[in-house]
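Since the structure comes first, as structure tokens, the remarks are kept for the end.
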There are 2 protein chains.
Amino acid sequence: MPRPPRISRPAVLDEALRTLDEEGIEALSMRRLAQRLGVTSPSLYKYVRDREGVFEAVVDAIVQEINEGWSPTGSWRAELDGMARRYFRTFRRHPHAVPLVMHRPTRNQRSLDSFDTVLNVLTAAGWPVRNAARAVLLTESYALGATLTAVSPGVPLTSEDLASRPTLAAALIGEHSTFRLTEEDFEHGLKLVLDGIARELAPERSPLEH
Amino acid sequence: MPRPPRISRPAVLDEALRTLDEEGIEALSMRRLAQRLGVTSPSLYKYVRDREGVFEAVVDAIVQEINEGWSPTGSWRAELDGMARRYFRTFRRHPHAVPLVMHRPTRNQRSLDSFDTVLNVLTAAGWPVRNAARAVLLTESYALGATLTAVSPGVPLTSEDLASRPTLAAALIGEHSTFRLTEEDFEHGLKLVLDGIARELAPERSPLEH
DNA sequence: ACCTGAACACCGTTCAAGT
DNA sequence: ACCTGAACACCGTTCAAGT
């Protein structure tokens, strides 16, 4: 007498992302995940290959969220700017996903599509393809690093920590008590990087654009 | 009849870093580490608090290696440039340490010292302390992100992957088959970031420097 | 077809016991 | 003082068994 399945692959993966967000990567175990779904751990293997398969699927969901609602505009600067902001926004929402993506980097089928799309915008705007690739990789590097520096749980600095480091202490006056990138820092850095890319990697602009 | 100890804290931590480099973070378990030291796992607890304590010590060793042989020069540009290059070089040597440092960031006593030192060089050169802090954080962000993008084990791209992404394929002509930052890209990006910092964050230079 | 219980080989950590 | 064996509560994964 066949009964309807109690769980499904989407249900498993949704719960996996929720578990990651709520309890962190340590809690994202097969047994804990099964428990949250009201089932025993072996039954998960009907829907995912193994624990690594769960991780891959979660990374894929993150990449999907990064690209959510995005459609290319045709302007190289808007494209790179948007890419960096989407990275930052998404990892702010899922800070526990940062270490996950780090040694299982965002290089899956879905992310290849988005790279191709961005590269397309740049080459269509007249960029040599090598320059376009470098611009994308530089922007991604900055976005990832800034996200990391902003999101990672910095150790709070005690007053003893600061007592022997006067310049560091001065830098933190009126700031949060951890030495950490803010959203304003991120914005400023992004402008700085894109200005640099415009200067060093963009093709010569036509007179009309001046 | 007291015998000499078979192991020591330095021996444990050395072996921990070696294990990380050779077998990856998964293999850095208390039991495996003990086995490599020719001892059983409970005896490790005489030398480290717990597994997290091992991780902290390894991160500290990495931070130490980042700063190895460094003495400040007095030039802000040399300082930031050197900092970024040391990050890059060190994580190239210890790629498995990347995810470790990522959610247990390089923010310990030793790293606070180096931040204070770099900030000192900048403020001594006349930088407002807020500008100095932002410059350091931006350089760190870029260095971390670039290191990550260069070091992370990118999935090799099959010819089918490339068939439907023509621009991505073109970007990889004559390159390695993964979409990944090279050392040349890193150098170029670093120049670009430091030029931006010079333009946007450095104090007005005195006429003599022109 | 889907789920469970039992089993196996792991893991971190504690603690009493050995020398 | 230092190390071990046994134990406990976990973990991923397989497989035969239940419905």
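Letters A, B, ... mirror the listed sequences (proteins, then strands); counts begin at 1.
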B/D161 versus A/Q109, side-chain donor and acceptor atoms under 3.5 Å: yes
Would you mind reading off the distance between B/R51 atom CZ and C/dC10 atom C1', rounded to a whole angstrom? 12 Å
Using atom NZ of B/K46 as one end and atom P of C/dT14 as the other, report the distance to the nearest whole Å. 12 Å
My understanding is that a pair needs two contacts under 3.5 Å, Watson-Crick or G-U wobble. By that rule, which nucleotide pairs with C/dC11? none
Over how many whole Å does the gap from B/R6 atom CZ to C/dT19 atom C1' extend? 13 Å
When you compare the side chains of A/H94 and A/E65, does any donor N or O come within less than 3.5 Å of an acceptor on the partner? yes
Could you state the CG-C1' distance from B/D50 to C/dT13, rounded to the nearest angstrom? 9 Å
Of the residues in residues 28-45 of chain A, which ones touch DNA chain C at a heavy-atom distance under 4.0 Å? A/R31, A/V39, A/T40, A/P42, A/S43
Round to the nearest Å and state the distance from B/Y47 atom OH to C/dT13 atom P. 18 Å
For A/F88, the ring pair (Phe, Tyr, Trp, His ring centres under 6.0 Å) test, sequence neighbours excluded, returns A/F186
Can you check side chain to side chain donor-acceptor pair (under 3.5 Å) on A/T149 and A/R180, steps first, answer last? CA-CA 6 Å; A/T149 320; A/R180 198 218 218 87; over 6 Å; no
Nucleotide C/dT13, atom P - distance to CZ of B/R49 in whole Å: 9 Å
Please name the nucleotide paired to D/dA17 by Watson-Crick or G-U wobble geometry with both distances under 3.5 Å, or report none. none
Does the pair A/E68/A/R89 count as a salt bridge with the N-to-O cut at 4.0 Å? no
Decide whether A/D185 and A/T182 meet the rule of one side-chain donor and one side-chain acceptor closer than 3.5 Å. yes
Pair assignment for D/dC3, Watson-Crick or G-U wobble, requiring both distances under 3.5 Å: none
